[in-house]
Each structure stands twice: as C-alpha cells, then as structure tokens.
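Written out below as structure tokens is the structure these notes cover.
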2 protein chains.
Amino acid sequence: MHDMMATRASPDTASELQAAGAAHASANPSASPSANPSFSPLYRQIKGLITRSLQQGDWKPGELIPSEADLARRFGVSQGTVRKAVDELAAEGLLLRRQGRGTFVSTHHEERVKFRFLRLVPDATAEGGRPLPQPMDRQFLECRRVRASQEVARMLGIKTGESVTQIRRLLLLAGEPVVYEDIYLPGPAFRALTAERLESYRGPLYALFESEFATRMVRAEEKLRAVNADAQEAQLLRVREGEALLLVERLSFSYGELPAEYRRGLYNTRHHHYRNELN
Amino acid sequence: MHDMMATRASPDTASELQAAGAAHASANPSASPSANPSFSPLYRQIKGLITRSLQQGDWKPGELIPSEADLARRFGVSQGTVRKAVDELAAEGLLLRRQGRGTFVSTHHEERVKFRFLRLVPDATAEGGRPLPQPMDRQFLECRRVRASQEVARMLGIKTGESVTQIRRLLLLAGEPVVYEDIYLPGPAFRALTAERLESYRGPLYALFESEFATRMVRAEEKLRAVNADAQEAQLLRVREGEALLLVERLSFSYGELPAEYRRGLYNTRHHHYRNELN
DNA sequence: TAGTGGTCTAGACCACCGT
DNA sequence: CGGTGGTCTAGACCACTAA
C-alpha cells in the first residue's frame, strides 16, 4: 500500500486544519516558530471535526462511522492521528470501538450500556456485580407542556416562562416503587411526546429521545442530597412521612455541552443504594 | 526462556516480558502462533511492572520516576510502548505527567488534587467552580484500637475480631459541623497513629497516611443512602432528630486493589451537596 | 541549552470479525 | 479471505521547564 499521491489534495471535507506543530507541516520555516497562543494539536482538531459530524447527524447513534484509514485519507493526516482523536471520543463515551468490526456511534439502545446513568443498585448486589437483574417497571403520572419555573429555566439555560415538556413518573423495582421523578425537556423538540408513547415504549427513556427526538444525552452532572419525604412523596413511594429519601438532581447534556434535560428524582434507599466510583 | 536481547542488555529489572504479538518479537517461531488464551499486550506488561515498582515503593508519592526514554531502555521496548503504559497509569491517577518536567508519582499532598475523594461542595458553588473555598476544620473524637465487627471485617477482607484502628471525627465547614464519620484502618500498620498526631497534622488524612504510614489510597467505591438522624447523630451535627442525612460508605483501595480503609460518614446536606459526574 | 513529555508520521504485523 | 481496530517500532520535530 502506497498510494496517496505525493501531496495533499484532501479532496473531501474541510481541509482547513491549521498546521500546528505538525512534523510534516511541510516547508514552513517562516510562520512563527514558537509562541503559539491558542495552540491546538492536530488530533484535537480532527476530534472537533468528528464531533461536529456527530452533532450534525452525519453519523447517527448506532451507525458505523468510516474506518480509521478512511478518515485519515479524508482529513489528510496519518492514521495514528485519527486514532488518537477517536480514542478520546471513545473514552468520553461518544464512540464505541469494536475490534474487527469498526467504530460505532454510541447509543442508549445497546444492551451493554443500558441505564448507564442510573446508579441505583439493589443492596444485595455482590462486589463485582454491576447492574440490576431486577424486573423494572414504570408508571407515568404526567406528560404535559408547562412554563419553565425560574429554577428549571436556569438549569436548562432558557428564559423563565418558556415552554418545556414535563414528565412525572414512578420507577418500580421488583414491584416496589423506588424512584419518583420529574423530568423537564426544553424547547419545541419534544412537543410530540405523549403519555401514550411513553407507556408503549420499551427501553430506557434516553433511547426513546435518541430514536424519535434526535436528542442524544452524552453526559450528565448530578447533585445529591438527603431530604425528608413530604406527605405526597411518602404516599407515592410507600414510606412514612418524614422518611429520609435521596434527592438526585440531574442535568444532562447533549452534543456540544448543550443542556438537554433537567431531572429531579427522589430515591427510596431502604433496599437500594447509589453506587459511585472515585478515582 | 528464550531469547530477548539480541541487543539491548536490559541490565536492569525483569526482562521476563513474554513476546506477545510484538511485531519485533521475532525469533520465536515456536510459541503458538495464534490462539493465545491469556494474551496481554506488551504495554500492559510494562504497566504491570511499573505498578509493581509503585507498590514496592521503588518510587514514592511525589517523586519523579525515570524518563520515558530511560524506562524504554530498561524494559527493552520502544518509547511508544512505555508511553502507552504510562498514559493508562496517568489516566487512572497513579502517575502525573508534567510536560517539560517529567512523570511523578501521584500524591495526596498536591494542592491541586487535595480532597480528591470528598465530593461534598457548598450549594453556592457556581457551575464550573469545583472545590470548596470554605475554611475547613476538624475535630477528632476518637482514635483507638478495636476489634473488627463482622461488617468491618467483611469490607476490609480480614477476619472478624482482628484488630483495627478506628477514628471518629467531625468535619466543620465554615464553622458548622457537616460530616461525622467513622474510619477503620486494617492491620498493624496504623498502630502508631494517635489522636494527638491527628490533631497536629495539617492537610488531608490521606496525605498523613501516605507520609507516615506508607499507605496510599488509589481509588475508592462509595455507597450512598439517605437515613434519618438518630439522637446522637443529630446532636453532633446540630440537626433535629429524624432529619435526613446522607450516609456515605466508602471502601478505599491501595495499590493492587488492596482494601485499605473503610469509612462510614454522615453528611448534613442542608447547605451542601454531593457532586457527581456521569459519563 | 539540555532534557522531558507531547505530537505526528510511516510502516509492519497481530487479533478479531464477517463473508 | 479481506477489512477493521489493536499493538509495536523508529524517527522526527514541537512545546515546555529548569538550569
């Protein structure tokens, strides 16, 4: 394999890569030899281009993206450089590498990473045993359009009073109600969402959002607190009023650090716990 | 045994690296050409060797380890292979790379990563603002040798009734008691630990353990629950009895996945919250 | 200026997957 | 079998730090 004409051409997409410290950056003895203020290595620029393609939906969740060799040709860089860009994206969970098959866009549909964001596990879980083998059931109490409260607006980065979709639901594990949460989705994207659709859908909410509302949750930040159950919460979760509950506020982000969901959940931690790893 | 070193010399440590799929491994026509059951790439073996050196204390926390080129020579591999090993160790927090200076063994003494394991932050913390700029104070209530209860023994992987060191303390943020925790340390290593030493030490507990007890905490697992304060807990944390508190059980590991500390903490989350990131 | 980690390239071969 | 990601090497040059 040789191929590849002597030089560049980069007949495809954006060949706007700034030659920044690239060894092969050709004869460029002029261009300031040092003191680069906003220096970004090539592989990060490549990473940016790939991210943009993901944002734009050029490659959709679950799909196969072009091979490393292919991408290297398109971008006019070496395979090693593409590899480093893809490595980082895979580490961030945006892409999924599978030896012998190719690189795929991550999706909430895969069996392996289902409930990736739900850290609640039954107490009986053994040391290594990760997920919950319990039967999970849902119960949707609300699904409606409401005006964003000051707090919801602030979290989602929109104006107070703007229309948002609110979902209120109950999660049952092994028949017992364990999670009660309010979910807020910004903008008109989720206008078509109905309680019926929620009821009929099998699988995680994020998988539904991905498939039918073109919104993929990429990462999230959570704030945890302990609170005492009020009368309504106690009734829904079948605990005594005043019983301690774990309050979990979650802000989820889509591609490009775009806030795409705000969630306020109450967990009954009598037989379950929130599991976390510190590094 | 076989080969190795047509060149090199590798005068130093273990040159027992099994030529596994190495392109240059050559001269090894015997060894099953494929179908390798427990296949481990070279860089992982290197990683193991470096980890072993860390465990053995060849390089201590805060110290500079040999340069990549140096390590490559010692191990008889290319710099790229060493680099990949070090990359992973740095990603896991065992090593810290600093361009232009070298690679250092991570330590709990650095200003940058102090309180790496304490995820409690004041509610007022802005979006990006990470750590707590609050004045922190401690109050040590106990420091004694006790026999491990069944639970403590199970967590620490020792026998029930074995001697462990117990520390009971209160953490005060901005003058208010916010954390009340019991800490259990296994084995005879911490026999010399006294309440006086704890009182006089400035800096994180883990920094003390590292400096004076040759125990570095590398990673930890936490289980979170919401519980109602009992009378004693309420008094110490200055809340009403029955008030919801965040119960945080932490199992910390030293090098080699060795359980080295079990901790049971109660957090008052009225003005603070536990912060977490999901990827 | 010397030394370190950081980036980039080019090419080889291995492990794994589907056909 | 051909194609994909995974590993390994060798060498070049860049960015940063400290002496």
Side-chain angles (χ1 to χ4, degrees), chain A residues 1-4 6-8 17-29 31-47 64-73 75-90 95-104, chain B residues 6-8 17-26 28 31-47 64-73 75-90 95-104:
Chain A
M1 322 243 159
H2 348 330
D3 75 70
M4 261 271 142
T7 16
R8 281 344 21 104
L17 304 176
Q18 55 166 342
H24 79 309
S26 72
N28 200 339
S32 61
S34 67
N36 199 330
S38 65
F39 163 72
S40 177
L42 238 194
Y43 77 89
R44 278 201 191 284
Q45 300 176 47
I46 302 296
K47 186 182 170 188
L64 185 65
I65 76 169
S67 73
E68 293 180 354
D70 199 343
L71 290 172
R73 275 189 296 275
F75 296 137
V77 301
S78 84
Q79 182 170 340
T81 299
V82 167
R83 169 157 270 271
K84 186 146 189 184
V86 172
D87 274 345
E88 286 200 356
L89 290 168
L95 296 177
L96 180 62
R97 321 192 70 143
R98 296 214 249 172
Q99 184 172 94
R101 299 190 53 189
T103 301
F104 299 78
Chain B
T7 39
R8 261 359 51 52
L17 304 177
Q18 58 165 339
H24 80 308
S26 64
N28 198 339
S32 59
S34 67
N36 199 330
S38 64
F39 162 73
S40 178
L42 238 193
Y43 77 89
R44 274 198 194 286
Q45 301 177 48
I46 302 298
K47 186 182 169 187
L64 185 65
I65 76 171
S67 74
E68 292 181 354
D70 200 343
L71 290 172
R73 274 189 298 275
F75 295 137
V77 300
S78 83
Q79 181 171 341
T81 299
V82 167
R83 170 156 270 270
K84 186 147 189 183
V86 172
D87 275 344
E88 287 200 357
L89 290 168
L95 296 177
L96 180 63
R97 320 192 71 144
R98 296 214 247 171
Q99 184 172 95
R101 299 191 54 188
T103 302
F104 298 78

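Below, chains carry the letters A, B, ... as their sequence lines are ordered, and counting in each starts from 1. As a basis for the values below, the full set of heavy atoms in this structure was taken, side chains included, without hydrogen atoms, waters or symmetry mates.
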Residues which pass side-chain hydrogen bond (donor to acceptor under 3.5 Å, both in side chains) with A:Lys84, listed by chain and number, not counting sequence neighbours = none

Closest heavy-atom pair, B:Leu64 versus B:Arg101, reported as atoms and distance to 0.1 Å, is CD1-O, 3.9 Å

Could you state the CG-P distance from A:Leu96 to C:dC17, rounded to the nearest angstrom?
-> 13 Å

From NZ (A:Lys47) to CG (A:Leu42), nearest 0.5 Å = 14.0 Å

Quick one: list whatever passes side-chain contact (heavy atoms from CB on, under 4.5 Å) with B:Ser78, sequence neighbours left out.
-> B:Thr81

Between protein and nucleic acid, restricted to nucleotides 3-5 of chain D and to nitrogen or oxygen atoms under 3.5 Å apart, what atom pairs and distances do you find?
residue	atom	partner	partner atom	Å
D:dG3	N2	A:Gly100	O	2.8
D:dT4	O2	A:Gly100	N	3.3
D:dG5	OP1	A:Thr103	OG1	3.3
D:dG5	OP2	A:Glu68	N	3.0

Looking at C:dC8, D:dT9, C:dT9, which one has an atom nearest to any side-chain atom of A:Leu42?
-> C:dC8

B:Asp87 CG to C:dG6 C1': how many Å, rounded?
-> 10 Å

Only one of A:Ile65, A:Thr103, A:Val77 passes side chain to side chain contact (heavy atoms under 4.5 Å, CB included) with A:Leu71; say which it is.
-> A:Ile65

Between CD of A:Gln45 and P of C:dG6 the distance, given in whole Å, is 18 Å

Give a yes/no answer on whether the side chain of B:Lys84 brings an N or O atom under 4.0 Å of OP1 or OP2 in D:dT7.
-> yes

Which whole-number value in Å describes the distance from A:Phe104 CZ to C:dG18 P?
-> 9 Å

Could you check how far CZ of A:Arg44 sits from P of D:dC14, rounded to whole Å?
-> 20 Å

Spacing of B:Leu95 atom CG relative to C:dT4 atom P, expressed in whole Å | 16 Å

